[in-house]
Amino acid sequence: MASANDTRPRVLLLGTIEHAHSTWSSISSIADIITPSSTNRTAFIAESLAGAFDGCVVAYRSFDSFDVTGKVDDELVAALPPSLRFICHNGAGYDQVSIPACTARGLLVSNTPTAVDDATADTAVFLLLGALRNFAVGMASLRAGEWRGAAALPALGHDPQGKVLGILGMGGIGCNLARKAAMFGMRIRYHNRTRLEPGLERAIGVEYVNFDTLLAESDVLSLNLPLNPNTRHIISAPEFAKMKRGITVVNTARGAIIDEAALVDALDSGQVSSAGLDVYEEEPAVHPGLLSNPRVMLIPHMGTWTVETETKMEEWTISNVRMAIESGSLRSVVPEQR
Ligand SMILES: O=CC(=O)O
């Protein structure tokens with residue numbers, strides 16, 4: 001005889017809930033939560049194919065679930081239960097999830113736009129100022145017991161006031177950064193796949209330019225676009241060559257937007273004078289040429305690393321899970337599937 005529980009929806013939890021515990025409990029009152037017992041991709045695929053997740057309609061996934069499942073690609077999607085219809089990804093960037101693979105299987109994917117905007121833009125401002133002002137050089141010499149440096153003083157930095165900030169990618173984070181950078185007296189230009197409405201451009205005080213102009217005329221270039229096959233290495237040797245000599249480059253998006261080896265060459269040649277990076281091509285590995293260069297301010301992917309933002313991201317993702325269960329739709333479907 002079927003029990004009452006047989007009719008409850010099932011949710012697959014990939015990763016952990018670290019902050020939004022009471023919101024997550026509200027999901028467990030309307031659904032059964034299934035967690036994998038496997039700890040690597042091969043075992044996860046076998047567990048799924050053996051039917052452990054059968055009946056799950058929606059999956060919550062966090063970045064750290066990558067360590068167990070690897071990328072959500074064709075192979076993984078093929079192993080997921082036929083009942084699964086939604087993947088709710090906790091993160092603004094969703095390059096760990098192959099959208100074509102999910103679309104082909106009829107799986108809808110959501111991410112967490114807007115929840116990350118302030119924290120990521122704040123990180124970009126920190127890196128922008130730190131790189132422009134050579135603070136990383138001073139911080140390293142101070143910790144080495146050499147005050148401002150034993151052999152030579154750090155080179156004088158530059159003020160942001162009056163400098164041109166070029167923003168590549170004008171979504172929520174780009175717009176948020178533009179507003180913040182304007183407070184530092186920067187002149188903001190941007191390039192984006194689609195141009196903003198003129199009213200919004202005026203409201204945040206940004207000027208639209210083409211890609212080459214952005215490269216050629218910016219004093220600081222900030223990357224704020226998603227990583228996908230079209231944007232991978234969008235900044236490589238030919239693009240560095242088009243930039244103003246002595247530019248500062250800031251990346252809080254994804255490492256592979258920049259060809260990291262080409263960035264190292266551009267830093268070594270002086271074409272790029274300094275950089276501020278939160279993200280790397282092969283995280284957690286960082287190119288040795290970046291680690292050894294004191295003119296590069298480095299953070300280990302901490303753009304959203306605050307209690308408030310991590311909580312907001314979990315809450316947002318859980319709201320997608322709830323919507324999937326209750327109304328068979330998602331609050332924030334990724335743009336490719338809209
Ligand atoms: O890197 C952080 C995010 O994509 O949310």
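- Across all non-hydrogen atoms, the minimal contact from Ser65 to Gly15 is CB-N, 3.7 Å.
- The shortest side-chain heavy-atom distance between Asn320 and Arg331 falls under the 4.5 Å cut-off.
- No chain of hydrophobic side-chain contacts below 4.5 Å, direct or via other Ile, Leu, Val, Met, Phe, Trp or Tyr residues, connects Ile188 to Leu215.
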task = Evaluate the side-chain hydrogen bond (donor to acceptor under 3.5 Å, both in side chains) criterion for residues Thr112 and Thr317: first the C-alpha distance (whole Å), next the side-chain angles of each, then the deciding distance (0.1 Å), finally the verdict.
result = CA-CA 7 Å; Thr112 63; Thr317 312; 5.4 Å; no
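- Contact of the Arg254 side chain with the Pro226 side chain is not registered, since no non-hydrogen atoms from C-beta on lie closer than 4.5 Å.
- Scanning all heavy atoms of the two residues, the minimum distance from Asn293 to Asp268 falls at ND2-OD1, 4.2 Å.
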key: side-chain hydrogen bond (donor to acceptor under 3.5 Å, both in side chains) between Arg189 and Thr213, worked out   = CA-CA 9 Å; Arg189 290 169 148 199; Thr213 304; over 6 Å; no
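- A heavy-atom distance below 4.5 Å is found between the side chains of Arg61 and Ile87.
- One N or O on the side chain of Ser98 and one on the backbone of Ala101 form a donor-acceptor pair closer than 3.5 Å.
- No donor-acceptor pair closer than 3.5 Å links the side chain of Thr231 to the backbone N or O of Ile234.
- Atom CZ of Arg105 sits in a crowded spot, with more than 12 heavy atoms from other residues, nucleotides or ligands closer than 6.0 Å.
- Nearest heavy atoms, Leu84 versus Ala59: CD1-N, 3.8 Å.
- Residues Lys71 and Leu76 fail the side-chain proximity criterion, which asks for heavy atoms closer than 4.5 Å.
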request  = Please assess His301 against Glu283 for the test side-chain hydrogen bond (donor to acceptor under 3.5 Å, both in side chains), listing each intermediate value before the final yes or no.
outcome  = CA-CA 9 Å; His301 202 149; Glu283 294 178 13; 2.8 Å; yes
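- Of all the heavy atoms in Ile325 and Ala31, the pair that sits closest is CD1-CB, 4.0 Å.
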task = Applying side-chain hydrogen bond (donor to acceptor under 3.5 Å, both in side chains), run through His287 and Glu282 and close with a yes or a no.
result = CA-CA 8 Å; His287 194 296; Glu282 302 290 345; over 6 Å; no
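- Judged by distance alone, the side chain of Ser269 and the main-chain N or O of Gln271 form a donor-acceptor pair under 3.5 Å.
- The residues Glu281 and Arg232 are annotated as salt-bridged, a charged nitrogen and a carboxylate oxygen being separated by less than 4.0 angstrom.
- The main-chain N or O of Ile45 is never found under 3.5 Å from a side-chain atom of Ser48 such that the two would form a donor-acceptor pair.
- Counting only distance, with no hydrogens or angles, the side chain of Arg338 and the backbone of Val333 share a donor-acceptor pair below 3.5 Å.
- Between Tyr208 and Tyr190, the ring planes lie perpendicular to each other; the angle is over 60°, past the 30° to 60° tilted range.
- Judged as a ring pair (Phe, Tyr, Trp, His ring centres under 6.0 Å), the pairs with a partner in residues 37-57 (not counting sequence neighbours) are, in order, Phe44-Phe53.
- By the 4.5 Å heavy-atom criterion applied to side chains, Val68 and Leu14 are not counted as neighbours.
- A heavy-atom distance below 4.5 Å is found between the side chains of Glu201 and Arg195.
- When side chains are defined from C-beta on, Phe240 counts as touching Ile258, because their heavy atoms get closer than 4.5 Å.
- Leu177 places a side-chain heavy atom less than 4.5 Å from the side chain of Val125.
- Contact between Glu239 and Ser236 at its shortest, heavy atoms only, is OE1-N, 2.8 Å.
- Checked against His89 for a ring-ring contact (aromatic ring centres under 6.0 Å, His included), the options Tyr60, Tyr94, Phe63 give a single hit: Phe63.
- Not one N or O on the side chain of Glu260 forms a donor-acceptor pair closer than 3.5 Å with the backbone of Gly255.
- Nearest approach of Ile99 to Gln337, heavy atoms of both residues: CG2-CG, 3.8 Å.
- Note on Lys312 versus Asp118: no salt bridge recorded, every NZ/NE/NH1/NH2 to OD/OE distance being 4.0 Å or above.
- Grouping the Ile, Leu, Val, Met, Phe, Trp and Tyr side chains by contacts below 4.5 angstrom, directly or via other members, places Leu13 with Phe86.
- Arg10 places a side-chain N or O within 3.5 Å of a backbone atom of Asp54 that can act as its donor or acceptor partner.
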